[in-house]
Amino acid sequence: WSLGSALADSSSPSPASGKKIILQVGWYENIDSLNPFIGQQNVAYDVYRLNYDFLVNYDADTLAPIPGVATSWSHSPDGKTWVFKIRKGITWQDGLPLTASDVAFTFNYIIHNQMTAYTNYTQFIKDAVALDPWTVRFDCSRPKASILQMWVPIFPKHIWGKISPADAQNKFQN
């Protein structure tokens with residue numbers, strides 16, 4: 001879980017009784033890019049993992065899939081259609097809510113624009129559709145057994161939707 005998800009799940013009315021929380025993380029390497037569509041080093045993906053939530057997380061002891069942005073999921077008998085229920089109460093750093101529209105945008109942006117940093121994970125997904133603010137459906141061309149292991153950060157549509165895919169893959173270097 002990212003810090004944002006952990007705070008969203010907290011039963012406390014406000015983190016640290018309203019005090020500002022600062023997370024400082026030290027690194028022994030320089031990352032190649034803060035742009036998640038350009039970075040290639042493992043350390044860069046560690047930074048992305050700290051800044052963006054993922055659809056599904058992993059249990060630390062068993063490595064079994066556990067809820068992340070999605071609270072639950074189901075699939076059709078043929079394995080070609082997956083439906084994910086999105087957690088309510090997650091907000092982006094600017095305070096706007098994360099919804100199924102952000103999830104659908106993320107995957108469609110990657111799939112339809114061949115964003116090479118993540119195409120290994122999105123193989124066989126044809127489209128992602130936000131059915132309502134808290135439900136997203138993935139339509140696949142083939143059964144996708146690895147859908148619960150996709151290492152794809154969810155991106156805010158209201159920010160990344162303004163950036164052309166060509167710019168996302170070629171600009172915004174450190």
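The residues of the chain are indexed from 1 along the displayed sequence. Worth knowing before you read on, the calculation uses all heavy atoms, side chains too, and leaves out hydrogens, waters and symmetry mates. Because the structure is predicted, anything quoted here is derived from the model rather than measured.
The closest donor-acceptor contact from the side chain of Tyr48 to the backbone of Asn35 lies under 3.5 Å. Listed for the Gln169 side chain is no donor-acceptor partner under 3.5 Å among the backbone atoms of Ile38. Put simply, the side chain of Ser76 gets close to the backbone of Thr81: a donor and an acceptor are under 3.5 Å apart. For Asp167 (side chain) and Ile163 (main-chain N/O), no donor-acceptor pair under 3.5 Å exists by modelled atom type. Under the 3.5 Å distance criterion, the side-chain polar atoms of Ser146 are left unmatched by any main-chain donor or acceptor of Gln149. The backbone N or O of Val69 sits nowhere less than 3.5 Å from a side-chain atom of Asp53 that would complete a donor-acceptor pair.
Under a hydrophobic clustering in which Ile, Leu, Val, Met, Phe, Trp and Tyr are joined whenever their side-chain heavy atoms come within less than 4.5 Å, directly or via other members, Leu148 and Phe124 fall into different clusters.
For the pair Val103/Leu55, a side-chain contact is recorded, criterion being any heavy-atom separation below 4.5 Å from C-beta on. Residues Thr71 and Ile86 fail the side-chain proximity criterion, which asks for heavy atoms closer than 4.5 Å.
Using a 3.5 Å distance cut-off with no hydrogens or angles, the side chains of His158 and Asp102 do not pair a donor with an acceptor. Between Lys85 and Thr135, the side chains place a donor N or O and an acceptor N or O closer than 3.5 Å (distance only, hydrogens not considered).
Side-chain rings of Tyr109 and Phe155 stay apart, their centers remaining 6.0 Å or farther from each other.
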Under the ring pair (Phe, Tyr, Trp, His ring centres under 6.0 Å) rule, what do Trp151 and Tyr45 come out as? Steps first, then yes or no, please. CA-CA 9 Å; Trp151 195 253; Tyr45 283 88; 7.9 Å; no
Would Trp160 and Phe37 count as a ring pair (Phe, Tyr, Trp, His ring centres under 6.0 Å) if you check the C-alpha gap in whole Å, the side-chain angles of each, and the deciding distance to 0.1 Å? CA-CA 11 Å; Trp160 283 98; Phe37 292 106; 5.0 Å; yes
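Taking the ring centre of Trp134 as origin, the terminal cationic atom of Arg87 falls outside the region bounded by 6.0 Å and 45° from the ring axis.
Within the structure, salt bridge (charged side-chain N to carboxylate O under 4.0 Å, His left out) contacts touching residues 138-161 (residues at least two apart or in different chains) are Arg137-Asp139.
For Asp94, the CG atom sits in a packed shell: over 12 heavy atoms of surrounding residues, nucleotides or ligands are nearer than 6.0 Å. The number of heavy atoms from other shown groups lying within 6.0 Å of CD (Gln41) is above 12. Shown here is Asp78, whose CG atom has more than 12 heavy atoms of other residues, nucleotides or ligands within 6.0 Å.
Separating the OG atom in Ser101 from the CG atom in Asn108 is a distance of 9.5 Å, to the nearest 0.5 Å.
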